[in-house]
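Computed from a prediction, not measured in an experiment: that's the story for all the values here.
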Amino acid sequence: MSRQEVLPSGMSLDEQKMFWSTYNKWLSTASDQEIEQLEMGLQLIESQEARHLATAIGQQMADEQRRRLLPANLVQQLEVVHWPVAVAHG
């Protein structure tokens with residue numbers, strides 16, 4: 001499997017690492033309610049095809065109304081590291 005098959009379209013390896021580092025940091029302190037909120041928010045954009053978590057969260061963040069469905073702590077932590085929302089459109 002090549003690196004391009006693993007990474008979401010348009011996302012560099014460094015951007016991928018930044019996302020996972022921030023996400024794992026958030027996940028380690030997230031409450032059950034925040035995790036449930038994330039799951040519910042992501043269900044709105046799920047389709048039959050599998051979607052990379054970074055892409056799905058990025059799509060949620062790119063839309064102001066859907067961004068509000070994500071846990072505020074996760075959004076804030078991703079914004080702090082300037083995680084590129086534009087990348088997630090791919």
Considering residues at least two apart in sequence or located in another chain, which fulfil the side chain to side chain contact (heavy atoms under 4.5 Å, CB included) criterion with I35?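 By the side chain to side chain contact (heavy atoms under 4.5 Å, CB included) rule, I35 matches W26, L27, A30, E39.
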Donor-acceptor contacts, no H, no angles, side chain residues 69-79, under 3.5 Å, sequence neighbours left out:
unit_1	atom_1	unit_2	atom_2	d
N73	ND2	E34	OE2	2.8
E79	OE2	R67	NH1	2.5

Taking atom CD of Q65 as the centre, does the number of heavy atoms from other residues, nucleotides or ligands within less than 6.0 Å exceed 12?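 No, CD of Q65 has 12 or fewer neighbouring heavy atoms, counting only those of other groups under 6.0 Å.
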Closest heavy-atom contact between Q37 and R68?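 Shortest heavy-atom separation between Q37 and R68 comes out as NE2-O, 3.9 Å.
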Between CD of Q59 and CG of L42, what distance do you get to the nearest 0.5 Å?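 That separation rounds to 10.0 Å.
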How long is the straight-line distance from CG of N24 back to CZ of F19, given to the nearest 0.5 Å?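 Here the rounded value is 8.5 Å.
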Taking salt bridge (charged side-chain N to carboxylate O under 4.0 Å, His left out) as the cut-off, I'd like each qualifying pair that reaches into residues 16-26, sequence neighbours left out, listed once.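 Pairs touching residues 16-26 that pass the test: none.
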